[in-house]
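To start, the structure under review is shown below, and the notes come after it.
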Amino acid sequence: MVHRIIEWSLRNRFIVLVMATALFAWGIFAVKKNPIDAIPDLSENQVIVFTEWMGRGPQLIEDQVTYPLVTNLQGLPRIKYVRGSSMFGMSFIYVIFNDDVDIYWARERVLERLSTVSSTLPAGVTPQLGPDGTGVGHILWYTLDAPDMDLGEQRALQDWYVKFALQNVEGVSEIASFGGFQKQYQITLDPNKLLYYRLSAGEVINAIRANNNESGGRKFELSDIGYIIKTSGYLKSVQEIENIPVKTQNTIPVRVADVATVQMTGETRLGIFDQNGEGERVGGIVVMRYGENADAVINRVKEKMKEVAKGFPDGVKFDIVYDRGELIKESVDSIKHTLIEEMIVVSIVVIIFLFHWRSALSIIIQIPITLAASFILLNAFGISSNIMSLTGIALAIGVIVDNGIIMSENAYKHLSERYAQWQEQQKSK
């Protein structure tokens, strides 16, 4: 079989050259399309289910949230195992699927099962899917450099402006905010006043919930003009909350301000984010979507940051804390230089030892064609250009030229023998 392939190739050299040229062109196209990253993504094929039930202890979370979810999610098809983790106010479920399972098919299966499990959970508890990213999806960390703005305003700027803008970038799965204070209205009840007015905490909560609502109305026509009546009851200030009536006693309404203190404050924090010991900062983490090109996503995020920065108040700017793009660039450049150096050294060695430029050229030309063709296989198997894959290609350069050297030496040996036979035939004549 091998002899027939060699014979056919020798008789159809033009077709072989055209096929090699086409393969090289296809490989160049594959090089441009191949995703670039610094490190290979070896994380498990997992779907994260996150459930929040604030104010509850880990044991209660384990018994009423984590355990029911784990037991029901174990029946999903094509899974390896299900892991559960409970902590104060939060539950995390990690559903690990087989490596050949499509991540979005897996997320659909988990969502289907959650729709039936949610009815068995406590009231107000709603499981949510985590972002469609992986363990190495954190490609960029940034903070807001705003020395003249307090932490609450910085967090509001991050949550209501920066986050929404960067989430629209192609390839971004999530923008995870951190640091600062999340503003909220906080109502502190006075137990003695509740006892005096014979009220319970539940009555105060229900009164506030009922008042913070929209109410529908109706439409009526007057003088051929249609009017729509509606009630806007959303609370917009501390004073509006204080004036909410809870109960009427002796024709006198008891307001929230009579039994509680209302103030604008920050949500209770379990930690802080400090940068270089210079004080607290507010920022975000850019999480890349599964299977995206990290280098391309980082560049798109940076371009979007330039647009977003134009809407910042005076004195506010981005401060990039971690940028995998620099690591990607340095890693790929290092491997590229190694590949070029190896190609040059191998070419010189081949020319010196064979000392025949046509034979050396036939061997050297294999290197770029083989390297370009290897990226076709990388794309076919979904492997990115990273330190591991490019290093493997660099190590294989010696193997690439070995077959050419062997074929050249073998051809030279056979030609020498035939030439010697021809000389003997000439002498005998």
ask   = Heavy-atom distance under 4.5 Å between the side chains of M90 and T51, does that happen here?
value = no
inquiry  = Please check this pair: side chain of D274 against backbone of G279, looking for a donor-acceptor N/O pair closer than 3.5 Å.
reply    = yes
task = State whether K329 and E326 are salt-bridged, where the test is any N-O pair (Lys NZ or Arg NE/NH1/NH2 against Asp/Glu carboxylate O) under 4.0 Å.
result = no
message = Within this structure, what is the CG-CD1 distance for the pair N168 and I175, rounded to the nearest 0.5 Å?
response = 10.0 Å
remark   = Y161 meets the side-chain contact (heavy atoms from CB on, under 4.5 Å) criterion, sequence neighbours left out, with L157, V308, F312
message = When you compare the side chains of D150 and Q154, does any donor N or O come within less than 3.5 Å of an acceptor on the partner?
response = no
query = Is I93 close to I48 at the side-chain level, that is, under 4.5 Å between some pair of heavy atoms?
reply = no
task = State, with a plain yes or no, whether a side-chain heavy atom of W8 is found less than 4.5 Å away from one of N12.
result = yes
request  = Show your working on side-chain contact (heavy atoms from CB on, under 4.5 Å) between V282 and T143 and close with a plain yes or no.
outcome  = CA-CA 5 Å; V282 174; T143 60; over 6 Å; no
key: Step-by-step side-chain contact (heavy atoms from CB on, under 4.5 Å) determination, Y142 to V286   = CA-CA 8 Å; Y142 65 87; V286 181; 4.2 Å; yes
ask   = Do the side chains of V136 and M288 get nearer than 4.5 Å, heavy atoms only?
value = no
request  = With side chain to side chain donor-acceptor pair (under 3.5 Å) as the test, would you mind laying out the steps for S177 and Q158 before giving the verdict?
outcome  = CA-CA 7 Å; S177 302; Q158 161 63 24; 3.0 Å; yes
ask   = Closest heavy-atom contact between N34 and S384?
value = OD1-C, 3.5 Å
key: Heavy-atom side-chain contact between Q263 and V238 under 4.5 Å   = no
inquiry  = Holding to side-chain hydrogen bond (donor to acceptor under 3.5 Å, both in side chains), I want the full list of residues that pass it with K302, two or more places apart in sequence or in another chain.
reply    = D323
query = Where the side chain of N379 meets the backbone of A30, is there a donor-acceptor pair that is under 3.5 Å apart?
reply = yes
inquiry  = Can you confirm whether M19 is buried at CE, in the sense that more than 12 heavy atoms of other residues, nucleotides or ligands lie under 6.0 Å from that atom?
reply    = no
message = For a quick test of reading the model, state the closest non-hydrogen atom pair linking V125 to V65 and the distance between them.
response = CG1-CG2, 4.2 Å
Listed partners of A201 passing side-chain contact (heavy atoms from CB on, under 4.5 Å), at least two apart = L189
query = Looking only at heavy atoms, what is the nearest atom pair of P127 and L114, with distance?
reply = CB-CD2, 4.1 Å
request  = For L377, look at atom CG and say whether over 12 heavy atoms of other residues, nucleotides or ligands are found less than 6.0 Å away.
outcome  = yes
query = Is the closest basic N to carboxylate O distance between E112 and R109 below 4.0 Å?
reply = yes
inquiry  = Give me the atom names and distance for the closest heavy-atom approach of E44 to R83.
reply    = OE1-NH1, 3.3 Å
task = Would you check if the side chain of N45 reaches a backbone N or O of V101 as a donor-acceptor pair within less than 3.5 Å?
result = yes
task = Please examine the side chains of I103 and F97, heavy atoms only from C-beta on, and report whether any two atoms are closer than 4.5 Å.
result = no
message = Tell me which pairs pass side chain to side chain donor-acceptor pair (under 3.5 Å) where either residue lies in residues 247-260, with sequence neighbours left out.
response = N243-R255
task = First locate atom CG of L140, then atom CD1 of I285, and finally report the distance between them rounded to the nearest 0.5 Å.
result = 10.0 Å
query = Can R107 be said to sit on top of W105's aromatic six-ring, NZ or CZ under 6.0 Å from centre and within 45° of the ring axis?
reply = no
query = Could you give the distance from CG (N72) to OG1 (T116), rounded to the nearest 0.5 Å?
reply = 6.5 Å
query = Measuring from K236:NZ to Y185:OH, what's the distance to the nearest 0.5 Å?
reply = 10.0 Å
key: Residue pairs involving residues 119-141 (criterion side chain to side chain donor-acceptor pair (under 3.5 Å); sequence neighbours excluded)   = D41-T134, Y104-D132, D132-S173, D132-R289
inquiry  = Quick test of your reading of the model: are D37 and R324 salt-bridged, counting only N-O distances below 4.0 Å?
reply    = yes
message = Between R209 and A207 (side chain of the first, backbone of the second, donor and acceptor by atom type, cut-off under 3.5 Å), is there such a pair?
response = no
request  = Could you tell me whether the side chain of Q167 and the main chain of F164 form a donor-acceptor pair under 3.5 Å?
outcome  = no
query = For the atom pair CH2 (W26) and CD1 (I28), what is the distance rounded to the nearest 0.5 Å?
reply = 13.5 Å
remark   = With sequence neighbours left out, the residues meeting side-chain contact (heavy atoms from CB on, under 4.5 Å) with D100 are R78, N98
ask   = Cut-off 3.5 Å, side chains only: do S86 and S91 have a donor facing an acceptor?
value = no
query = Going from CG on L151 to NZ on K183, what distance comes out if it is rounded to the nearest 0.5 angstrom?
reply = 11.0 Å
request  = Go through the steps to decide whether K317 and D145 satisfy the test side-chain contact (heavy atoms from CB on, under 4.5 Å), and finish with yes or no.
outcome  = CA-CA 5 Å; K317 60 182 180 179; D145 186 4; 3.2 Å; yes
query = Can you find a heavy atom in the side chain of K304 that is under 4.5 Å from one in the side chain of E307?
reply = yes
query = Could you walk me through whether Q275 and D319 pass the side chain to side chain donor-acceptor pair (under 3.5 Å) check?
reply = CA-CA 11 Å; Q275 184 175 349; D319 184 8; 3.0 Å; yes
query = So do E292 and Y290 actually touch side chain to side chain, heavy atoms under 4.5 Å?
reply = no
note = Between L121 and P68, the two heavy atoms sitting closest are CD2-CB, 4.2 Å
ask   = Looking only at heavy atoms, what is the nearest atom pair of G84 and V70, with distance?
value = CA-CG2, 4.1 Å
